[in-house]
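Step one of this worksheet: look at the structure below.
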Amino acid sequence: MIPPGETIGILGGGQLGRMIALAAANLGYRCHVFAPEADSIAADVCAQFTQGAYDDEAALAAFAAQCAVVTYEFENVAAAPLAAIAPHAPLHPPARALEVAQDRVNEKSFVEGLGGRPAPWAQVDSAEDLRAAVARIGTPGILKTRRDGYDGKGQWRIMQPADADRLELPAKPLIYEGFVTFQAEFSVILVRTATGDVRFWDSAENVHKNGILDRSTVPAAPVILAQVEDARALAKKVADALEYVGVLTLEFFATADGPVFNEMAPRVHNSGHWTIEGTLTSQFENHVRAICGLPLGSTALAARGVVMDNLIGDDAHDWPKILSDEANHLHLYGKAAVRPGRKMGHVTRLVL
Ligand code: AMP
């Protein structure tokens, strides 16, 4: 057990790290952020900051030596250099979770091995591979980079086979996925302790715009609620198989044939931001509790319903209007520059 007063290391300097640090501060912990950028919005609310590259083993070791435990808020970090952390502090969730989740081929193979069902997919490393994948799986489909994709970046829609021939393939490992006809999208967010205690939050219904999460709503539509049990069973298998510690997210498509696995994130997730006000214990607080070996808090709803809207790009300029409604909970991440498609904050409303 890592008692309050100790220092939690966070790899990654974005809004997820910022909200983990705020929850950690409430429990009396200090946080130390490690990130490559000079202006980290997580470091803005932390006791210490190390600016360093994610593959700088000496810097990682020096950072870990100052922490009682290390976690991450960003999965596009090479797993191998993180071995430098182990002699100094435990890493939760484990590096294995990163290896699985940061590569779409590893992720889908792993989940299939546990009985989960992703969209039909094929590894693509050449134009011939793509032609063969399109011939086997059909169109429409989506070509994605295996790694480093987020918020719909690194994705190309292929509506007909001719689109595949016209496409200039990026020089990166790719994956082709059949397009899933879904009724809705949802996520399963769980927290697991080192002793195997697992709790789930209610599953939010997620609506994306331009590949970016726009709104999460709880309770989700009945078509989703009917599939949550199956999806949770898979998420628990994933967590147990990885001996996972902390918060884990799996995203699903609700289809006429049941839940189809989309992707996983070995971390707190945007579709769980509503838990800050909407549940008795937020995803951020239970993540901190799990990685520090504290008892988990209740994930029960604190309201009849909750709606979370992301503030993307210029939406952030609407903060005076948002605050003019006293029922709104406004979260701004403190990012200096507004850019199109950039997550600037979110706003949560409870249905009491
Ligand atoms: P991803 O980054 O892979 O989660 O993709 C972002 C969003 O694009 C998803 O939440 C879906 O709305 C959509 N999408 C991605 N892959 C597929 C697919 N195979 N079929 C249908 N929609 C998809």
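For the single chain, residues carry numbers from 1 onward in sequence order. Every number for a ligand or one of its atoms is a count from 1 in the order of the listing. No experiment lies behind these values; they were computed from the predicted model shown.
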*So, the side chain of Glu251 versus the backbone of Glu185: is there a donor-acceptor pair under 3.5 Å, distance only?*
no
Per-pair distances, ligand 1 N/O vs protein N/O, less than 3.5 Å:
from: ligand 1; atom 1: 2 (O); to: Gln155; atom 2: NE2; distance (Å): 3.1
from: ligand 1; atom 1: 3 (O); to: Arg104; atom 2: NH1; distance (Å): 3.1
from: ligand 1; atom 1: 3 (O); to: Lys144; atom 2: NZ; distance (Å): 2.6
from: ligand 1; atom 1: 3 (O); to: Gln155; atom 2: NE2; distance (Å): 3.3
from: ligand 1; atom 1: 4 (O); to: Asn262; atom 2: ND2; distance (Å): 2.9
from: ligand 1; atom 1: 4 (O); to: Glu263; atom 2: OE2; distance (Å): 2.7
from: ligand 1; atom 1: 5 (O); to: Gln155; atom 2: NE2; distance (Å): 3.3
from: ligand 1; atom 1: 10 (O); to: Glu185; atom 2: OE1; distance (Å): 2.6
from: ligand 1; atom 1: 10 (O); to: His208; atom 2: ND1; distance (Å): 3.4
from: ligand 1; atom 1: 10 (O); to: His208; atom 2: NE2; distance (Å): 3.4
from: ligand 1; atom 1: 12 (O); to: Glu185; atom 2: OE1; distance (Å): 3.3
from: ligand 1; atom 1: 12 (O); to: Glu185; atom 2: OE2; distance (Å): 2.7
from: ligand 1; atom 1: 16 (N); to: Lys144; atom 2: NZ; distance (Å): 2.8
from: ligand 1; atom 1: 19 (N); to: Glu177; atom 2: OE1; distance (Å): 3.0
from: ligand 1; atom 1: 19 (N); to: Gly178; atom 2: O; distance (Å): 3.1
from: ligand 1; atom 1: 20 (N); to: Val180; atom 2: N; distance (Å): 2.9

*Is there a donor-acceptor pair closer than 3.5 Å between any side-chain N or O of Lys237 and the backbone N or O of Leu114?*
yes
*List, by chain and number, the other hydrophobic cluster members for Ile322, where Ile, Leu, Val, Met, Phe, Trp and Tyr join if side-chain heavy atoms come within less than 4.5 Å, directly or indirectly.*
Leu311, Trp319, Leu323, Leu330, Leu332, Val347
_Pair Arg289 + Glu285, salt bridge at N-O below 4.0 Å_ = yes
*Could you tell me whether the side chains of Thr275 and Ser282 share a donor-acceptor contact shorter than 3.5 Å?*
no
*Are any side-chain N or O atoms of Arg131 and backbone N or O atoms of Pro161, one a donor and one an acceptor, separated by less than 3.5 Å?*
no
